[in-house]
**Student:** 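Structure in structure tokens, see below.
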Amino acid sequence: MELRGSKKTVTTQEPAIVLDNVSIELGGRSILRDMSMTINAGEFVVVLGPNGAGKSTLLKLLLGLIKPAGGTVRVLGQQPRTGNRAIGYAPQHRTLEVELALRARDLVGLGLDGHRWGIGWPSKQRDAKVNQALKEVDALRFAEAPVGQLSGGEQQRLLIAQALLSDPQLLLLDEPLSNLDIAHQQEIVSVVAEVSRARNVTVLLVAHDINPLLPVVDRVIYIANGQSMIGKPDEVITSEQLSRLYGVPVEVVHALDRIFVVGAEI
């Protein structure tokens, strides 16, 4: 699917995320230092950086699961708190076992009542909500299938659908493209871009490779060595800027409509 030109018009409402000189420490180790940025409502932002740089930690901060060591954080106009239904979250996932007989629609339904024991009680309202989320991620066709028999891309669609059930204003996706081939990566990017545009929801997506996301991304956050930078891809992913972040020479090469970073583990 051709996605170029599919980005939304960013609205002028209150920013979705504001970080002011935020630092994060875990186990006595500094993860992020003096991070300041504003993410506007409706933006599609990708978080990049090497393993262990703090990409997933940033999502945990926004979810209220950890506290900053310094600075202030505002998410949707408030301090972060756990259980905020205005935030949809799809964590990193591993392919589920083939023996798992749970139906696809039941896995999605856990986004409504997974905090209670067992599968939620059926109701017309609940079914309609689940069906709408499945439709938005183009998963109705395998809604009755056992989750363990679905591909990694199909399972990822279900996790995104689950995150949509609370009608979030902010969608946090932790490496939804990992372990997928190029075709399935493009499918998931298409799904997230369409959901973002249709719902006007802000998206913060953690990834290792910017290339599948270039047609839809508004800005990128790049994290390395405890430092961060935010801007458009062509402003941030440059030899000069990444060399400064990593503290070693890094070369950014543009070829075949793709971006390659040489000299750094990304």
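Side chains are part of it too, since the values below use all heavy atoms of this structure and drop only hydrogens, waters and symmetry mates. Owing to the predicted nature of the structure, the values given are computational and were not obtained by experimental measurement.
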**Student:** Tell me the closest heavy-atom pair linking Phe44 and Leu205, and the distance in Å.
**Tutor:** CZ-CD1, 4.2 Å
**Student:** By salt bridge (charged side-chain N to carboxylate O under 4.0 Å, His left out), which residues pair with Arg244, not counting sequence neighbours?
**Tutor:**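 Arg244: no salt bridge (charged side-chain N to carboxylate O under 4.0 Å, His left out) contacts found.
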**Student:** Quick one: pull up CE in Met37 and CZ in Arg219 and give me the separation to the nearest 0.5 Å.
**Tutor:** 8.5 Å
**Student:** Would you say Leu164 and Val191 are hydrophobically clustered, going by side-chain heavy atoms of ILVMFWY under 4.5 Å?
**Tutor:**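 Same cluster.
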**Student:** Does the side chain of Pro168 come within less than 4.5 Å of Arg85's, by heavy atoms?
**Tutor:** no
**Student:** Are any of the side-chain heavy atoms of Leu62 and Leu19 separated by less than 4.5 Å?
**Tutor:**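 Result yes, sub-4.5 Å side-chain heavy-atom pair found.
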**Student:** Report the C-alpha distance between Asn131 and Leu140 in whole Å, list the side-chain angles of each, state the deciding distance to 0.1 Å, and finish with yes or no for side chain to side chain contact (heavy atoms under 4.5 Å, CB included).
**Tutor:** CA-CA 7 Å; Asn131 284 340; Leu140 273 175; 3.9 Å; yes
**Student:** Under a plain distance cut-off of 3.5 Å, with no hydrogens placed, do Ser56 and Gln92 share a side-chain donor-acceptor pair?
**Tutor:**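 There is such a pair (donor and acceptor under 3.5 Å, judged by atom type) between the side chains of Gln92 and Ser56.
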**Student:** With Gln155 as reference, evaluate Leu180, Leu107, Val147 under the side-chain contact (heavy atoms from CB on, under 4.5 Å) test and give the passing residue.
**Tutor:** Val147
**Student:** For Ile87 and Leu76, what are the C-alpha separation, side-chain angles and deciding distance, and is it a side chain to side chain contact (heavy atoms under 4.5 Å, CB included)?
**Tutor:** CA-CA 9 Å; Ile87 301 176; Leu76 301 175; 4.2 Å; yes
**Student:** With distance as the sole test, does Thr202 use its side chain to make a donor-acceptor pair with the main-chain N or O of Leu170 at under 3.5 Å?
**Tutor:**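 It does not hold such a pair.
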**Student:** Considering all heavy atoms of both residues, which atom of Leu48 and which atom of Ala207 are nearest to each other, and what is their separation?
**Tutor:**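 In this case the closest contact between Leu48 and Ala207 is CD2-O, 3.5 Å.
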**Student:** With Glu194, which residues qualify under salt bridge (charged side-chain N to carboxylate O under 4.0 Å, His left out), at least two apart?
**Tutor:**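 Arg197.
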**Student:** So, Asp209 and Arg258, do they make that salt bridge, N to O below 4.0 Å?
**Tutor:** yes
**Student:** Hey, is the main chain of Ala69 close enough, under 3.5 Å, to the side chain of Ser23 for a donor-acceptor pair?
**Tutor:**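 Pair absent, no side-chain N/O of Ser23 close to backbone of Ala69.
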**Student:** Please examine the side chains of Glu14 and Asn40, heavy atoms only from C-beta on, and report whether any two atoms are closer than 4.5 Å.
**Tutor:** no
**Student:** Quick one: closest heavy-atom pair of Thr238 and Val252, and the distance?
**Tutor:** C-CG2, 3.4 Å
**Student:** Got a sec, which residues hit salt bridge (charged side-chain N to carboxylate O under 4.0 Å, His left out) with Arg74, two or more places apart in sequence or on another chain?
**Tutor:** none
**Student:** Report, as yes or no, whether the 6.0 Å neighbourhood of atom CD1 on Ile182 holds more than 12 heavy atoms from other residues, nucleotides or ligands.
**Tutor:**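 12 or below, so no.
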**Student:** Please determine whether residues Leu171 and Val46 belong to a single hydrophobic cluster, defined as Ile, Leu, Val, Met, Phe, Trp and Tyr linked transitively by side-chain heavy-atom distances below 4.5 Å.
**Tutor:** yes
**Student:** Determine whether Leu65 and Leu61 make a side-chain contact, defined as any pair of heavy atoms from C-beta on separated by less than 4.5 Å.
**Tutor:**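 Side chain of Leu65 against side chain of Leu61, heavy atoms only: no contact under 4.5 Å found.
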**Student:** Sort and list the pairs that fulfil salt bridge (charged side-chain N to carboxylate O under 4.0 Å, His left out) and have at least one residue in residues 20-33, not counting sequence neighbours.
**Tutor:** none
**Student:** So Val73 and Gln79, do their side chains get closer than 4.5 Å, heavy atoms only?
**Tutor:**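 A side-chain contact is absent here, since even the closest heavy-atom pair is not under 4.5 Å.
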**Student:** Roughly how far apart are Glu136 CD and Leu165 CG, rounded to 0.5 Å?
**Tutor:**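 Interatomic distance, Glu136 CD to Leu165 CG, rounded to 0.5 Å: 9.5 Å.
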**Student:** List the atom of Leu242, the atom of Val236, and the distance in Å for their closest heavy-atom pair.
**Tutor:**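 Closest heavy-atom pair between Leu242 and Val236: CD2-O, 3.8 Å.
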**Student:** According to a hydrophobic-cluster definition based on side-chain heavy atoms being under 4.5 Å apart (Ile, Leu, Val, Met, Phe, Trp, Tyr only), do Tyr89 and Ile160 belong together?
**Tutor:**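 Tyr89 and Ile160: separate clusters.
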**Student:** Give me the atom names and distance for the closest heavy-atom approach of Leu159 to Ala90.
**Tutor:** O-CB, 4.0 Å
**Student:** Do Tyr246 and Ile210 sit in one hydrophobic cluster, given that two such residues count as connected whenever their side-chain heavy atoms are within less than 4.5 Å of each other, even indirectly?
**Tutor:** yes
**Student:** Just so I know, are the side chains of Asn21 and Ser36 near enough to count as touching, which here means a heavy-atom distance under 4.5 Å?
**Tutor:** yes
**Student:** Is it possible for you to say whether Met229 and Val47 belong to one hydrophobic cluster, with membership spreading through side-chain heavy-atom contacts below 4.5 Å?
**Tutor:** no
**Student:** Residues in side chain to side chain donor-acceptor pair (under 3.5 Å) with Glu144, at least two apart?
**Tutor:** Arg103, Arg105
**Student:** Are Glu187 and Arg157 close enough, and set up right, to give a salt bridge (charged side-chain N to carboxylate O under 4.0 Å, His left out), and what steps lead you there?
**Tutor:** CA-CA 9 Å; Glu187 290 176 4; Arg157 288 173 187 260; 3.2 Å; yes
**Student:** Take Ile39 and Ile221 through the side chain to side chain contact (heavy atoms under 4.5 Å, CB included) test and state the conclusion after the steps.
**Tutor:** CA-CA 10 Å; Ile39 296 175; Ile221 299 169; 4.0 Å; yes
**Student:** Over all heavy atoms of both residues, which pair between Leu214 and Asp257 is shortest? Give the atoms and the distance, please.
**Tutor:** CD1-O, 4.4 Å
**Student:** As an exercise, state the distance from CD1 of Ile223 to CG of Leu245, rounded to the nearest 0.5 Å.
**Tutor:** 10.0 Å
**Student:** Would you confirm whether Gln186, through its side chain, and Ala183, through its main-chain N or O, come within 3.5 Å as a donor-acceptor pair?
**Tutor:** no
**Student:** Using modelled atom types and a 3.5 Å cut-off, is there a donor and acceptor pairing between side-chain atoms of Ser243 and backbone atoms of Ser239?
**Tutor:** yes
**Student:** Taking only residues two or more places apart in sequence, or in another chain, which ones meet Asp167 in a salt bridge (charged side-chain N to carboxylate O under 4.0 Å, His left out)?
**Tutor:**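 Lys129, Arg199.
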**Student:** Starting at CG of Leu59, measure out to CG of Leu172 and round the result to the nearest 0.5 Å.
**Tutor:** 5.5 Å
**Student:** In sequence, state the C-alpha distance, the side-chain angles, and the governing distance for Leu32 and Val22, and then conclude on side chain to side chain contact (heavy atoms under 4.5 Å, CB included).
**Tutor:** CA-CA 8 Å; Leu32 292 170; Val22 170; over 6 Å; no
**Student:** Once rounded to the nearest 0.5 Å, what's the spacing between atom NZ of Lys60 and atom NZ of Lys67?
**Tutor:** 15.0 Å
**Student:** About how many Å separate CD1 of Ile24 and CD1 of Ile31, when rounded to the nearest 0.5 Å?
**Tutor:** 8.0 Å
**Student:** In the structure I gave you, are the side-chain heavy atoms of Leu173 and Val206 within less than 4.5 Å of one another anywhere?
**Tutor:**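 No, every pair of side-chain atoms sits at 4.5 Å or beyond.
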**Student:** Between Gln78 and Val75, is there a donor-acceptor pair closer than 3.5 Å when you use the side chain of the first and the backbone of the second?
**Tutor:**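 No, Gln78 side chain to Val75 backbone: no donor-acceptor pair under 3.5 Å.
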